[in-house]
Number of protein chains: 2
Amino acid sequence: MKISKKQQILDSALSLFSTKGIDATSTASIAKAAQVATGTLFHHFPNKQRLVHQLYLAIKHDLSLQFTPLQTQDTNELEPLAKSLWNNALDWAIQYPQKLKFFQLASVSQLLSVQEQADAMAQELGVIMQLITKGQQSGDFAPHPIELVALNCQAQYLSASNFYIDNPALTNDQHYRDASFCMFWNALRPLS
Amino acid sequence: MKISKKQQILDSALSLFSTKGIDATSTASIAKAAQVATGTLFHHFPNKQRLVHQLYLAIKHDLSLQFTPLQTQDTNELEPLAKSLWNNALDWAIQYPQKLKFFQLASVSQLLSVQEQADAMAQELGVIMQLITKGQQSGDFAPHPIELVALNCQAQYLSASNFYIDNPALTNDQHYRDASFCMFWNALRPLS
DNA sequence: GTCTATAAGTGGATAGAC
DNA sequence: GTCTATCCACTTATAGAC
């Protein structure tokens, strides 16, 4: 057996959550989709909430892996670095639309506490925070409050990702790609 | 009796939906909170989905009313107009945090079809679309695809609103207000 | 219009065999 | 670790009295 039952459950849960919503998906339907008994599901996860939480952490970690390869790049030129991070993140969302959708559902739902979300953000997306701080120090970015800027970045990223997922034909359209990055980048800049 | 039972049901539904989530809120709990029998609820709304839909439309309309008083203003100067629209919308969200929360839940959940959401957007928020078009024609804004720009505006608005709702102490902090508008406005501008 | 009572079904979660 | 079988609280929605 190549994939463990636990992983099958997580995969099926992601698929169902992202299409039907988290609350609207029963544990029984997850087990059925994973070709597993409900007893097995509750053997691996003490309850539904823990299953959601574990899936959330796994996906957030997965996204963070898109950023790490770029950490070693030259950081003197901020814009090209930001552009490759932006495109990496967008490509990830386009490749795994279910992960993005679930990520969004989990963020908006009250299943995870604000604290849990903030912790996951700080741990996994620390690279982004450092980049914002660096840009503010060099004067490339406006000196706005960092929490506000971080939330704004996340919001613009989710917005652009959803657009590409809903309009697959435009995925590789350079005009659209440039436009989305331009808005993102300009938002961070100081008033000229 | 000042408020109709139907309105009591809508009010209680909004309150419960925004705190517990839509799926996680039972019709029985809505009826109980509204001090009404379940039979009464189903007399006014054929089913739960219709109740959600009706609430969604009412709230979207409520938001749109924040924009109409400004339509008659002088539109030669775009930035001050945009700033007052931005602040109006933020103030509305801060005053009615439950409405914003529900609005977000309904947008992300699959309860409303993409078409229904787009229709409501076009009808109620047409003012915003016209403003974007006008800015693009005058050269104040970059000529990005309008759908992309509209979604970006909505995302930044929701992001800023959530921040203020989660941090009530900063509601009237001018530094934060200016920062959030600066990001929003800059995102729309062309590359300098 | 509003209520009570209840139908008919689904939910998360558990016990215990293998 | 995985399964079958099952508990029972809770769900949406309806019927019919007032």
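Every heavy atom of this structure was used, including side-chain atoms; hydrogens, water molecules and symmetry mates were not. Residue numbers start from 1 in every chain, and the chains themselves are labelled A, B, ... in the order their sequence lines are given, proteins ahead of strands.
The distance from atom CD of A:Q8 to atom C1' of D:dT2 is 12 Å, rounded to the nearest whole Å. Summarising the geometry, the separation between CD1 on B:I9 and P on D:dA13 is reported as 14 Å, rounded to the nearest angstrom. Atom pair B:I3:CD1 and C:dT2:P shows a separation of 13 Å (rounding to whole Å applied). Rounded to a whole Å, the CZ atom of A:F45 is 11 Å from the P atom of D:dT2. In this structure, the CG atom of A:L41 is 14 Å from the P atom of D:dT4, given to the nearest Å. What separates CD of A:Q7 from P of D:dT2 is a distance of 13 Å, to the nearest Å. One atom, CD1 of A:I30, and another, P of C:dG11, lie 11 Å apart when rounded to the nearest Å.
Comparing C:dT2, D:dG1, D:dT4 by their nearest atom to the side chain of A:H44 picks out D:dG1.
Taking the six-membered ring for Trp and thresholds of 30 and 60 degrees, A:F181 and A:W185 have nearly parallel ring planes, at less than 30 degrees apart.
Side-chain nitrogen and oxygen atoms of A:K5 include at least one within less than 4.0 Å of the OP1 or OP2 phosphate oxygen of D:dC3. Between A:T40 and D:dG1, a side-chain N or O to OP1/OP2 separation shorter than 4.0 Å is absent.
Annotation: side-chain contact (heavy atoms from CB on, under 4.5 Å) contacts of A:S29 (sequence neighbours excluded): A:L16, A:T25, A:S26.
Residue pairs satisfying the salt bridge (charged side-chain N to carboxylate O under 4.0 Å, His left out) criterion with at least one member in residues 173-192 of chain B, sequence neighbours excluded, are listed as follows: B:K83-B:D178, B:D91-B:R177.
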Per-nucleotide protein contact string for nucleotides 12-18 of chain C, where B marks a base within reach and S marks sugar-phosphate only (heavy atoms under 4.0 Å, - for neither):
BBB----
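For the pair B:K6 and B:F45, the cation sits on the ring face: its NZ or CZ lies under 6.0 Å from the ring centre, inside 45° of the axis.
When side chains are defined from C-beta on, B:Y157 counts as touching B:L63, because their heavy atoms get closer than 4.5 Å.
In the model, B:Q104 has a side-chain atom that pairs as donor or acceptor with a side-chain atom of B:N162 under 3.5 Å.
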